[in-house]
Amino acid sequence: MAAAKKISALRGMRDALSEEYAQRRDIEAALAQHLRQHGYAPIDVPIVEQTELYLRKYGEEYSARLYDFSFKNRRIALRPELSASILRAYVDKLQGEPLPLRLRYAGAVFRYEKPQQYRWRQFTQAGAELLGAGGARADAELLYLACSGLERLGIREYRLVIGVDMLGGFLHNLGLRFQLLNFLLRNMENLRKYGEAHVVAALQAIYPQFQAEAREALAEPATGKQLIALLREMSDAEAHQAVSEFLNSLNIRVASNRDEGEVIDRLLYKIREDQQNPKLRRALDYMARLKPLAGAPAETLARARALAAEYQLEQCALDALERTLAALADHGKLGGSVEVDLGMNRGLNYYSGMVFEIYCPSENGAEIQVCGGGRYDALISNLGGGDLPAAGFAWGIERLASALPAAARLAQPALDVVIIPLAAADFAAAYQIARDLRERDLCVEVSIDGRGLRRGLRAAHRRGAAAAVIIGESERARGTASLRAMRSREQHIVPLSDLPNRVEDICRARG
RNA sequence: GUGGGCGUAGCUCAAUGGCAGAGCACCUGAUUGUGGUUCAGGCGGUUGAGGGUUCGAGCCCCUUCGUCCACCCCA
């Protein structure tokens, strides 16, 4: 018979084998205990949700990253994170709870992205949500929890980067088209990395009308200025109708093989798009000024205030950040470093106020993000709940595992004892001994392969057992067992009544 | 979405276009009641799949699938 074809795991999905899995569980347990001690209550939520939940949170553009499918005429998705589910559950079931409500969670999440190092399609997150509390104290509590959690795991070296958005609001107030606004938001990081010329080139690829050097002067001819301004004020349909009527009243026919409607659309597009140029120019200038606003908190804040004053922007976001930093300092000194980044927008539009990320050096030296979070005060009402402040964060468990210093990796619980029955008649006694030892909380395995003492001891050695208990005819005849300490190779015949104590001694000595 | 690398034994990998191999692991025995070593032997493959070129393909060409890495983006 030909061997059946092997079935391998799906792409981006990994089997966590014994050691890796045990380590992950240890990390989860330590973080759960950490959060528990800060008053966070556990909550578990479904792995699948209505896709609508995530569309509300992220918007339709991000749905490509979801495991999203229709099933029996319903559109459902695997959760890409747990926070949305927690807030949904809050709206559904917990609105009567006393506030603030502190919740913690852990579980698998799924994202349909191309897998690469430290990035899989299924991974594990643990995190916390703080509902019904806004302001600096709440923000600082979360920042502190996220950092001290790392320290509890033995991670001393990390970098906390806190941001408030100084970009999104600015661009929004400029009145840029949605597509261009999104482009600029997404390219703040590129502006930093590759400079303005790079971003301008990318911008012109999606918006060829943009002239990098264009200033407001040449866009506006003096005549017809009022008419153009008027057209810009109208809705698309109104403007289209107005131009159409205008042309008809002058008895102008469009002499081309294109439809009149198309020509008008094109004309309107031109009239309206031209005004994007000066706005883009202003946006790029502002972004260039924002670019260096990252680094040590006090100094960066001071420079940010100067910029905000120059552009006559509200200072309240910066005030809030300053209060949060002060509140964080009240928690005591952190082991890692703290930075501020005022260009940070986590590519996501649901954040309001503080956002943060934590980076660690991974085992191969490169820096990876191990934690992220922020405040999303509008989210609960978007999900049909009341107007309630909400903030939270999540750690990436697998990434934490790779950032754990070797010294902090927790030792795996080893097998304590292997019991080796020598013949079929010895098994009943062997199982009885195993039960007695397990009552002392020992990890005990009975060798069932029946391949003799030599193989049994070899197996015990390879399994890392501290002791072997040999039970054969001669031992049974006297109500004893042979107890062998694997490391020292010392072996004694021990009465069964003494056996548990003697085994415990050996296991303790193993250290 | 874009660009690379790699698919050969359970694992890590060899093999000028010319008999598909090694190490590790596994199994048996030397040692029938004594485990880190040693020695002797053994099991193990449609070389990811399909097509093409060739007297001959693991190797060259095409297609496809899988996988890893990087970019984009994200935790």
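Treat the numbers as computed from the prediction; the structure is a model and nothing was measured. Side chains included, hydrogens not; waters and symmetry mates left out as well; all remaining heavy atoms used. Here is the naming used below: chain letters follow the sequence lines, and residue numbers restart at 1 for every chain.
Contact annotation: A/Gln117 side-chain N/O to B/A70 OP1/OP2 distance is under 4.0 Å. Applying the 4.0 Å criterion to OP1 and OP2 of B/U34, one finds that A/Arg454 has every side-chain N and O outside that range. Contact between the side-chain N/O atoms of A/Gln116 and the OP1/OP2 oxygens of B/A70 is found at a separation under 4.0 Å.
When the side chain to side chain contact (heavy atoms under 4.5 Å, CB included) test is applied to A/Lys291, the partners found at least two apart in sequence or on another chain are A/Met188, A/Leu191, A/Arg192. Remark: A/Arg476 engages A/Asp426 in a salt bridge (charged side-chain N to carboxylate O under 4.0 Å, His left out) (not counting sequence neighbours). For A/Val494, the side chain to side chain contact (heavy atoms under 4.5 Å, CB included) criterion is met by A/Leu483, A/His492, A/Asp498, A/Leu499, A/Arg502, not counting sequence neighbours. Under the side chain to side chain contact (heavy atoms under 4.5 Å, CB included) criterion, A/Asp44 pairs with no residue at all, not counting sequence neighbours. With sequence neighbours excluded, the residues that form a ring-ring contact (aromatic ring centres under 6.0 Å, His included) with A/Phe393 are A/Trp395. Partners of A/Glu141 by side-chain hydrogen bond (donor to acceptor under 3.5 Å, both in side chains), not counting sequence neighbours, listed by chain and number: A/Tyr40, A/Arg102. Remark: A/Glu367 engages A/Arg159 in a side-chain hydrogen bond (donor to acceptor under 3.5 Å, both in side chains) (not counting sequence neighbours). A search for side chain to side chain contact (heavy atoms under 4.5 Å, CB included) contacts involving A/Ala304 returns A/Met166, A/Leu293, A/Leu318, A/Leu342, not counting sequence neighbours.
Residue pairs meeting the side-chain hydrogen bond (donor to acceptor under 3.5 Å, both in side chains) criterion with at least one partner in residues 460-470 of chain A, sequence neighbours excluded, are A/Glu445-A/Arg463.
B/U54 and B/U2: their C1' atoms are spaced 37 Å apart (whole Å). Across B/G36 and B/U31, the matching P atoms stand 14 Å from one another, rounded to whole Å.
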Inset, instruction - For RNA chain B, produce a single dot-bracket line, 5' to 3'. Pairs: Watson-Crick or G-U wobble, both distances under 3.5 Å. Symbols: ( ) within strand, [ ] crossing, | other strand, . unpaired. - result: (((((((..((((....[..)))).(((((.......))))).....(((((..]....))))))))))))....
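With B/A70, B/C73, B/G33 as the choices, the nucleotide that has an atom nearest any side-chain atom of A/Arg65 turns out to be B/C73.
Remark: A/Arg462, A/Ile470, A/Glu473, A/Ser474, A/Glu475 in residues 462-476 of chain A come within less than 4.0 Å of RNA chain B through at least one heavy atom. Heavy-atom distances under 4.0 Å link RNA chain B to A/Leu422 of residues 418-436 of chain A, given in residue order.
Sequence order on RNA chain B of the closest nucleotides to A/Tyr118 and A/Ala459 puts A/Ala459 first from the 5' end.
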